[in-house]
Amino acid sequence: TSRRPCTQPQLSSPLSTTTRRGRCDIASIRRSPYVYHWPSGMVEHELTDVDGRYTASLRAGSTTAIFSKVGYIQPCWAAGFISCKTQSIVIGAPTTLNVTMYREATVAGTVTDTNGNPVGGVMVADGAFYGNQLTTVTAADGTYTLDGVVPVSQTFIFDPPSGSGLMRVSPVIAPVEAGNQVLDVVLPVGGSISGRITNFEGTPMGGLTVWASNDDASMLAETDAAGEYTVTGLPPGDYTVGLLTEGGSSVYYPGVMEFANAEVVTVADVFDGVGYPAVTGIDIERAPMAIGTVQLLNAAGDPPGWGGV
């Protein structure tokens with residue numbers, strides 16, 4: 001069995017009588033129907049009985065428990081030993097620590113666009129239960145598999161690759177415990193917002209970052225040499241459109257400096273069987289920067305004659 005370092009100073013392995021110091025056999029822990037705890041730096045374990053009950057003799061203070069059995073989601077497992085059940089134990093007073101363990105589920109399927117074409121490079125993620133988010137990326141044929149999913153109702157995220165124009169979707173399902181759940185997803189073409197960015201003289205401005213954002217989504221685009229941009233993959237809704245200038249300040253559609261004065265751009269909730277509408281003509285004219293001189297005067301109203309100011 002392969003072994004990896006762990007943070008606990010001592011572990012009595014349930015598979016042997018050997019006491020390991022500074023290392024622990026992760027694979028063995030996950031195969032064992034044991035309850036682990038480490039009061040005062042000592043890692044110990046107890047086996048639950050047939051009705052799921054266990055009793056652990058603990059010292060006073062804070063203790064952390066890990067519940068592990070093959071084929072089940074380990075409540076405290078999140079990229080290593082992460083505490084998820086910590087309680088203060090009082091000498092002489094029994095403490096109840098009940099835990100629900102779920103049998104692992106598998107969610108798999110195929111991601112396509114509205115024309116039935118497979119979509120590769122889509123990031124797929126679950127709802128991050130126990131602090132450990134499962135992620136994968138669809139293959140070139142659009143297929144994916146997520147193993148070890150917690151079988152409770154949760155939101156799954158399907159985030160298409162940047163520049164695809166497809167819209168992110170987030171279906172909610174309840175995976176079948178200890179079973180295989182098929183979740184095929186169709187990504188529609190998102191709405192888009194396009195326009196042209198010029199300076200106050202009408203000269204197109206290329207290489208600027210333009211964004212369209214609201215409380216639920218935020219997408220970026222860059223202006224080309226003609227100053228034109230198109231922000232794609234937008235769900236229906238109201239958006240604020242803005243750009244970031246070379247100096248780091250923001251300008252909002254239709255060319256105002258204050259966010260409160262920006263005009264809302266709406267992507268209508270109208271699905272044509274392929275995607276959502278394109279909004280055009282959202283042009284922004286960047287206002288000129290104020291240029292002037294400042295003269296320093298003393299209390300008498302005269303130039304102080306300081307150098308190097």
Would you say the side-chain atoms of N115 pair up with the backbone N or O of N117, donor to acceptor, closer than 3.5 Å?
-> no
Please confirm whether the backbone N or O of V122 pairs with a side-chain atom of T138, one donor and one acceptor, at under 3.5 Å?
-> yes
Once you round to the nearest 0.5 Å, how far does CG of L146 lie from CD of Q133?
-> 9.5 Å
Partner of D126 by side-chain contact (heavy atoms from CB on, under 4.5 Å), out of T135, V150, L134 = L134
What distance separates T223 OG1 from E228 CD, expressed to the nearest 0.5 Å?
-> 10.0 Å
Qualifying residue for side-chain contact (heavy atoms from CB on, under 4.5 Å) with Y229, from I282, L208, L220 = I282
Measure up the Y276 and F271 rings against each other and bin them: parallel (under 30°), tilted (30 to 60°), perpendicular (over 60°).
-> tilted
With distance as the sole test, does T198 use its side chain to make a donor-acceptor pair with the main-chain N or O of T203 at under 3.5 Å?
-> no
Just one of T112, V111, T110, T143 clears the side-chain contact (heavy atoms from CB on, under 4.5 Å) bar with D184, so which one?
-> T110
Which atoms form the tightest heavy-atom contact between G120 and P161, and what is the distance?
-> O-CG, 3.8 Å
Correct closest heavy-atom pair for Q181 and V176 would be OE1-CG2, 3.3 Å
Any side-chain heavy-atom pair of V231 and Y239 under 4.5 Å = no
How far apart are the closest heavy atoms of M167 and G233, and which atoms are they?
-> CG-O, 3.9 Å
In one Ile/Leu/Val/Met/Phe/Trp/Tyr side-chain cluster, 4.5 Å: M257, V241 | yes
Step through the shown structure and confirm whether more than 12 heavy atoms of other residues, nucleotides or ligands are within 6.0 Å of CG on D215.
-> no
I173 and Y144: same hydrophobic cluster, using ILVMFWY side-chain contacts below 4.5 Å?
-> yes
Compare all side-chain heavy atoms of V186 with those of T114 and state whether any distance is below 4.5 angstrom.
-> yes
Apply the test side-chain contact (heavy atoms from CB on, under 4.5 Å) to residues E104 and D147: give CA-CA distance (whole Å), side-chain angles for both, the deciding distance (0.1 Å), then the verdict.
-> CA-CA 7 Å; E104 296 176 348; D147 292 316; over 6 Å; no
Of the non-hydrogen atoms in I284 and V251, which two are nearest, and what is the gap between them?
-> CG2-CG1, 3.9 Å
Mind checking the CG-CZ spacing from L187 to R168? Nearest 0.5 Å is all I need.
-> 11.5 Å
Just by distance, do the side chain of R196 and the backbone of A226 share a donor-acceptor pair under 3.5 Å?
-> yes
Shared hydrophobic cluster, V274 / V270 (ILVMFWY, side-chain heavy atoms < 4.5 Å) | no
Apply side-chain contact (heavy atoms from CB on, under 4.5 Å) to the pair L183 and F158, showing each step before the final yes or no.
-> CA-CA 11 Å; L183 178 58; F158 292 81; 3.9 Å; yes
Decide yes or no for I197 and D283: does some side-chain heavy atom of the first lie under 4.5 Å from some side-chain heavy atom of the second?
-> no
Under the side-chain contact (heavy atoms from CB on, under 4.5 Å) rule, what do E258 and Y252 come out as? Steps first, then yes or no, please.
-> CA-CA 7 Å; E258 297 79 20; Y252 304 97; over 6 Å; no
Side-chain contact, heavy-atom cut-off 4.5 Å: S250 with L244?
-> yes
Considering all heavy atoms of both residues, which atom of T240 and which atom of A262 are nearest to each other, and what is their separation?
-> CG2-CB, 4.1 Å
What about V169 and V149, same hydrophobic cluster or not, with Ile/Leu/Val/Met/Phe/Trp/Tyr joined at side-chain heavy-atom distances under 4.5 Å?
-> yes
Can you name the closest pair of heavy atoms from P277 and V267 and give their distance?
-> O-CG1, 4.0 Å
Please lay out, stage by stage, how D238 and N214 fare under the test side-chain contact (heavy atoms from CB on, under 4.5 Å).
-> CA-CA 7 Å; D238 294 333; N214 58 21; 5.8 Å; no
